[in-house]
Each structure stands twice: as C-alpha cells, then as structure tokens.
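One structure below.
These numbers come from a predicted model, not from an experiment. A, B, ... follow the sequence lines: proteins, then strands. Residue 1 opens every chain.
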Protein chains: 2
Amino acid sequence: MATASRALSPRGSASDSTRLRVAAAASELGYTPNPAARALATRTGTRIAVVVGGHTAHVLNDPYVARVTAATASVAASREVGVSLHWLPLHDPAELGRLTESRDVGGIILVNPTEPALATVPRSARGRVAAIGIGSRIVPSFDVDNATGTTNVLEHLLVTGRRRIAMITGPAWLPCTRRALTAYQRATEAAGTPPRLIPGDFTATRGHHAATEILTRWPDTDAIFALGDLSALGALDALRTSGVNVPGDIAIAGFDDLPYATLSHPPLTTTTNPIESITTAAATTLLDRQTAPPLTLHPSTLIVRATT
Amino acid sequence: MATASRALSPRGSASDSTRLRVAAAASELGYTPNPAARALATRTGTRIAVVVGGHTAHVLNDPYVARVTAATASVAASREVGVSLHWLPLHDPAELGRLTESRDVGGIILVNPTEPALATVPRSARGRVAAIGIGSRIVPSFDVDNATGTTNVLEHLLVTGRRRIAMITGPAWLPCTRRALTAYQRATEAAGTPPRLIPGDFTATRGHHAATEILTRWPDTDAIFALGDLSALGALDALRTSGVNVPGDIAIAGFDDLPYATLSHPPLTTTTNPIESITTAAATTLLDRQTAPPLTLHPSTLIVRATT
DNA sequence: CCTTGCGGTGGAAGCGCTTCCATGGGTGGG
DNA sequence: CCCACCCATGGAAGCGCTTCCACCGCAAGG
C-alpha cells in the first residue's frame, strides 16, 4: 500500500516496473484516489480561494470577477481541487488571515488588491498567494500588459490622424491604471500634445459623465481612450446623445475587449485583456507551488472596429 | 472529542449546556474544523461541480456560465467547500459517470442539459445532481419562469399598441425555449395575431440575421421579442443599420437583463433572469441534501427601457 | 569472500474528523 | 421506593491516504 502510494505520486521513489504494475492494477480495479484523504494526510488544501475586495454580492455581477472565477475553476478541476469565491474588506487582516490559516485552502488568488492590503497577508502564507491585476513585490502577480496595450491604442489613434486625445482612467489606486497612465503620458508627450485626463472607475455611468465633461472642458477633443470597455461604451452613448459623430468627429477606443464591445453601434475599437490566460497562469503557479517572478504581463492585442 | 464533534454538528445530539461550553472552548482555542478530515470521515464530497455541455473552453466566455459558476462558488464558500467547472459532451455517460463516482464531488450542477443527457446520470447519483435551466423529472431543476416573463413582455408590447410581434427563439431543445414558445403562442393567439417565429441561438450574430429575415418575410412587423439580450441587441443593430426607427417603427425587447442591456442605444427593454438566486437555490439543495420539487421557477421582472 | 552502502519495499503510525457502541446518571411509571 | 428506560457522554474504531522507519537484497569496494 505504501508502494502503491509512491508509485502513484510523481515524486515518490519507486522502480519503473512497480510503477507500471501499480498503474495496471489501478486501472483494472477502477481505482481513483480520494482527494480528501490525500489532503488530510498531506495537510494541503483541497481548494483555491478567489478573493475580491469589497463587501457585497455585487462582485457576482462583475464580468471580470466572473471570468477569473470561471477560469480558476477550470484549472482547478483538472487538478481535482475546488474553488471558492470570497469578497471581503481587503484591508482587514483578520478576515484574510482566517482564510490563509484555513488548512483547507491550498492557494489564494487576490483580485485587484491594494498594496497595503497585500501587506496584511501573513508572511507564512505568501507562498500560497498570488495576485491578479496588480504588480507587487510581496506576492507573485499577473496582469495584462496595459502599458503596451495603451501605447498600441494611442499609436493607432495618432496614425489615424487624432491629436487631441483625452483619456478616461480607472481607479487611481490600481496599478494597472498607473501603468496605463504612464504610457499615455509618454505617448502624448512624444506627440507633443498636452494630456487630457478624466478620472473614471470602469463603469458605463462614469464613462458617460466623463465624456460630457470632456466635451465641455476640451471641445476640440478628437479622440477618447477609456480604460475599460464599459466606460468607452458609456462615453459613446454620451457623444451620440450630444449629436457628435463617431468616429467622424471623435474617435473612441476602450480596453478589455468584453463581449459588449461588438454590440455597440458602431462596434467598439478596443484592445484585449486575456483574463483567462492570466488567471490560468496564476492558478497554475499556486497549484504547482512554483515560484513566479514578481510580475508577469500578458500581451494585449489591438482590435480595430468602427469607432476609430 | 466525540461530544465536541456532536456539539459542533447541527444534527448531533448534545445538551445545550455542552454545546455552549464547546463553542466557548472552540473560539478560545481558535479551533476551525478541517473540511478534508470531515469529508474523509463522512465520505462526502469536498466540492461541487458545475458541468456545462460542450467541448471547448468557449464556455469561459459565456456570461451565463460565468454567473452560475461565481454564484455557486459563493454559496460553496460559506459551506467550506469548493467548486469546479467542467465542460464535457453531456451525451457521454462515461465522462459524467466518472464525475459522479468521484468521492470528492459532493454535488453536481448541470447547466442546460438535454433530457437524454440527464438520463445518463447514474441512478445512484441522482440525489447529488441538480440542473439549471431545464425542467426535468429525473433530477430537481431550477430555472427562471420564462413563461411568465415572456407573457409579461408580450403584454407590455400589446399594451403599447404592438400587434404584429415576431419572436427570435433559443435552441429548440432547451426546455426554457419551449416554455417561452408556448407562452408566446398563447399570447399571440389571444391577441388574434398569427405567430412569427425565427429560430435563434442566444447570440448577437444570429439575432442580427434573424432581424433581417424578419424584415424581409414580414415587413409590417411592429415588435421583435428576442429570447436573450444578446440576440435582441443584434437585432437592434440590424434594424438601425437598415434605417428602421426603434422604437418608433419597431419595438424590441430581450430576455435576461444582462448588463449589456443598459448600454445599447437606446437602452434595451428586457425582463430579468435571476441566475444568482436560481443557482443559489440549486447549490443549497445539493449542499443541504434537501429534496427539491422537480422544477422550481424563479420570477422574472419586466424592465422597461427605451426600445419599446 | 565479507562488509558497506544504497535504492526499493512493506509495516505501521497518524492526519482530524464522525459514528457505533457501551456506559452512566437522570427521569417517570409501577 | 425501586426498576426500567432514555438521553447525554466518552472510548475506540476507522475513513483512505502519506510518510517515517526498519528491513532486505543487491552491487561495489576492501
């Protein structure tokens, strides 16, 4: 029985002949290991937790969170482990601590945590925690390369003759916002055009207001780049309501390439956010107990549709 | 130790005083039960599987699946169990059988399975399986009340003076499609208008084509009801491109109330699909080992926006 | 030819729970 | 006032695995 255990485990020391015989016997007997027993014996977790900052069940409606959860669940399924979804105030060390101490949790994926929140992760647990949508030295992080994504969008706008490009940002505390902002500032500087920045929060409503504000503050704007497709679509709606011709008068581009993007009229130019591959990388790192670099960036590819 | 176990378990027979003392000691010692050990001892699963029909990772992009997964994960988290997501050919008994036999799986939520697929669920496993988006006598099912939802939409259209109402359906094998279809036929019959049916598949592309087809086959159509917001938005797009005034010439209504619905121009009239509460009901049934009626329907509420 | 060392093997303990079972102290009926 | 009965309690077995440890047989070195 000890031998069988070793033969079945990739790390166990068993001779090849034994390994083969065990495998044959296992398939003949229809044997499947019991993950619960294994988890009990090895004191490892049997599920991986996706943790989102915030209090309410509202996270369920966030397509970003849903995609992360679904992708994690899919990776986990192949490893015979589960996934659980939590929302909690990320600044509250007690909550997060309780989760990291739960022997049942083999890994934690933090969605868009703040740097201070990350600091509350107990040192002992850091090997079991990865973050998505952030770059941090505390735990390995995974995100879309929004600097390059932003640069690509802006270059595309410049190539198509736009010069006075306004940007609707995301929450300022989000590293991805900051990275995109830097890219925007660099691009506008290189093009010799002054930056036109309006803070946003990824929502359509905010995008709508932001576009209106842009129209009044800088009436000669000829392009709007919104971090997040929802904001872009909100802005598009505002412009159309104001009788602005898109893309004739003003071009619009978003970020993320949500399914929404193809549904607008005209369809939205955007750049992809490969959430699934980002999540898969994070989950794999956790599940295989690999050590990952502080920040892994996944490429974003420009999708030119009809708003530019 | 036996007493502590009983005191902590809701079903165990322990006196109230003991229960209280155990609870006090537990919180003082910072005791948390080990789900793996419990699963091992009780021979119950440590996760609940969400199973979607189909072969590819495409399911990850389906907002419906993502919402089901996220909601399941959230219920499961409160019970200290996990979730895993699987896509497999639902007609293949072997795959599903393997999943039901895995002692690690405490419950299975089947998303939109066909009746023949359900029949492949091993009899021994039926108590651990629930279905979403279907009505079946084989396992307990949960769905939105799309008959009433459809009726409400159609009544709204009739009240606003529409008479020649076309409908873009969903896949014919889906029970929810059939229920909605019945409601549509009943409503049009009552209103004395002949039915105008175009098959759909919930996608925007198909909705687009369907609307074009409607325009050519029944040019005097004054309303389109699409099963699924995506199809409705596709139809909206087609009408706008054809220069049709919405809602002036033709009204459009969808089903599901996806976040997309507010982003269109004009915003889409639709009726809600409470996927989260449906999923919660299914997951709770599984986790609490309750016996649920063959079909539980959750109400859909009409959301009137600007396309009607 | 005997000893040392090493890799493969089986025995056995134990991971942290639940539950069967036997025991004991209480209550109600005779 | 005693006996039967019931309910709460603790002992102990076991859920299915992993891993420590002792063991054995082999190849290499003295």
Report yes or no: do B/S300 and B/T271 form a side-chain donor-acceptor pair below 3.5 Å?
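Yes, B/T271 and B/S300 have a side-chain donor paired with an acceptor closer than 3.5 Å.
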Side-chain donor-acceptor pair under 3.5 Å between B/T296 and B/H298, yes or no?
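No, no side-chain donor-acceptor contact under 3.5 Å.
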Just by modelled atom types, is the B/Q290 backbone N or O under 3.5 Å from a matching donor or acceptor in the B/T285 side chain?
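Such a contact is absent between B/T285 side chain and B/Q290 backbone.
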Which pair of heavy atoms, one from B/A292 and one from B/F142, lies closest together, and at what distance?
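Looks like CB-CZ, 3.9 Å.
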Could you tell me which non-hydrogen atom of A/D145 sits nearest to which non-hydrogen atom of A/P299, and how far apart they are?
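Smallest heavy-atom distance, with atoms named: CB-CA, 4.5 Å.
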Rounded to the Å, how far apart are [X] [atom1] and [N] [atom2]?
X	N	atom1	atom2	result
A/L40	C/dA13	CG	P	17 Å
A/L8	D/dC17	CG	C1'	11 Å
B/M1	D/dA12	CE	P	13 Å
B/N34	C/dT18	CG	C1'	13 Å
B/R38	C/dC15	CZ	P	18 Å
A/R43	D/dC20	CZ	C1'	12 Å
A/L29	D/dG16	CG	C1'	15 Å

Could you go through nucleotides 20-27 of chain C and list every protein N or O atom that sits under 3.5 Å from one of its N or O atoms, giving the distance for each pair?
none

At under 4.0 Å, does any side-chain N or O of B/T3 touch on OP1 or OP2 of D/dT9?
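No, because none of the side-chain N or O atoms of B/T3 sits under 4.0 Å from OP1 or OP2 of D/dT9.
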Check the phosphate of C/dT9 against A/T18, side-chain N and O only, distance under 4.0 Å to OP1 or OP2. Yes or no?
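Checking C/dT9 against A/T18, a side-chain N or O does come within under 4.0 Å of OP1 or OP2.
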Which comes earlier along DNA chain D counting from the 5' end, the contact point of B/T42 or that of B/R21, where each point is its nearest nucleotide?
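Of the two residues, B/R21 wins.
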Can you tell me which nucleotide in C/dC17, D/dC17, D/dT19 comes closest to the side chain of A/A41?
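So the nucleotide nearest the side chain must be D/dC17.
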Please pick, from D/dC17, D/dG10, C/dT18, the nucleotide with the shortest atom-to-atom distance to any side-chain atom of A/Y31.
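Taking heavy atoms from C-beta onward, the closest nucleotide is D/dC17.
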So what does A/S5 touch, heavy atoms closer than 4.0 Å: a base, only the sugar-phosphate, or nothing?
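Base, at least one base atom sits under 4.0 Å.
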